[in-house]
Amino acid sequence: MPLNIRGVEIHQHILDRPAQEAMVEELRAVQAAAPLFSPKTRWGKEMSVRMTSAGKYGWYSDARGYRYEARHPDGGAWPPIPPSVLALWHDLTGLARAPDCCLINYYGETARMGLHQDRDEADFTWPVMSVSLGDDGLFRIGNEARGGKTESIWLASGDVAMLTGASRLLHHGIDRIRPGSSTLLARGGRINLTCRVVD
DNA sequence: AAGTAACA
DNA sequence: CTAT
């Protein structure tokens, strides 16, 4: 049974080491076709996390705000979502519907992500699946509205967090990673995948 | 505010 | 340094 924090279901080490390695190998191909980039916020600040996407849409941000785009900023379509990620999605959600977007976030040693909601999708009844690979990340879970108390948990490589039901619109973020805590990624750092149904 | 800084 |  998964841990439950404010309705967020956290499946610890649901992926064993070989499964993590296989997923990373598939993600290498995605990054080769759709290179990582650092989006800018509406206020012109570059995010510390580098990202790319796979699937029908990719998440994007610039001076116009947050949105999903059908193409990488370089102009090409996003690569397909890797089979291992789709298999995990169908296994954990029980849904026949595939996600439209697999956002790939790469956290270097000093990367962070402030508290935010995933609310650029059309229908919040679909869950969001978040997969951690590589170094540990300190995950903070807040409330639907900004402010108030929060709870934190260290996410490790192979952990999967599901934002589902009433927890779907909770604020969440990564305070920091723990550099060198995993040997999964040759260059270190942390990869987080978030799969969403967009349309 | 998917950001940053100040302060305890 | 970490937590808020």
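Each chain gets a letter, A, B and so on, in the order the sequences are listed, and its residues count up from 1.
For C/dA3, neither phosphate oxygen OP1 nor OP2 lies less than 4.0 angstrom from any side-chain nitrogen or oxygen of A/Arg140.
Atom CD1 in A/Ile177 sits about 13 Å away from atom P in C/dT2, given to the nearest Å.
With sequence neighbours left out, the side-chain hydrogen bond (donor to acceptor under 3.5 Å, both in side chains) criterion links A/Arg28 to A/Glu25.
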Exercise for review: Spell out protein contact along nucleotides 2-8 of chain B as letters: B when the base is contacted, S when just the sugar-phosphate is, - when no protein heavy atom is under 4.0 Å; keep the 5' to 3' order.
Suggested key: BSS----
Exercise for review: Step by step, work out the side chain to side chain contact (heavy atoms under 4.5 Å, CB included) result for A/Asn143 and A/Arg6.
Suggested key: CA-CA 9 Å; A/Asn143 308 284; A/Arg6 300 189 177 188; 3.2 Å; yes
Practice item. Take A/Ser130 and A/Asn192 through the test side chain to side chain donor-acceptor pair (under 3.5 Å) and record every step on the way to the result. Key: CA-CA 7 Å; A/Ser130 166; A/Asn192 179 72; 2.9 Å; yes
Review point. Given the rule in the ring-ring contact (aromatic ring centres under 6.0 Å, His included) test, do A/His72 and A/Phe37 qualify, once you have shown the distances and angles that lead to the verdict?
Key: CA-CA 10 Å; A/His72 187 277; A/Phe37 58 92; 5.4 Å; yes
Exercise for review: Any chance you could lay out the ring-ring contact (aromatic ring centres under 6.0 Å, His included) test for A/His116 and A/His172, step after step, and finish with the verdict?
Suggested key: CA-CA 5 Å; A/His116 68 279; A/His172 57 279; 4.4 Å; yes
Practice item. Go through A/Arg112 and A/Ser48 one step at a time and tell me if the side chain to side chain donor-acceptor pair (under 3.5 Å) criterion holds. Key: CA-CA 6 Å; A/Arg112 296 169 290 125; A/Ser48 57; 5.4 Å; no
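Although no hydrogens or angles enter the test, the distance criterion places a donor-acceptor pair under 3.5 Å between the side chain of A/His90 and the main chain of A/Leu95.
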Point to revise | Per-nucleotide pairing state of DNA chain C [Watson-Crick or G-U, under 3.5 Å; [ ] pseudoknot-crossing; | other strand] | key: .|.|
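Remark: A/Arg97 is positioned above the aromatic ring of A/Trp126, its terminal NZ or CZ atom under 6.0 angstrom from the ring centre and at most 45 degrees off the axis.
Nucleotides B/dA1 and B/dA5 are separated by 13 Å at their C1' atoms, to the nearest Å.
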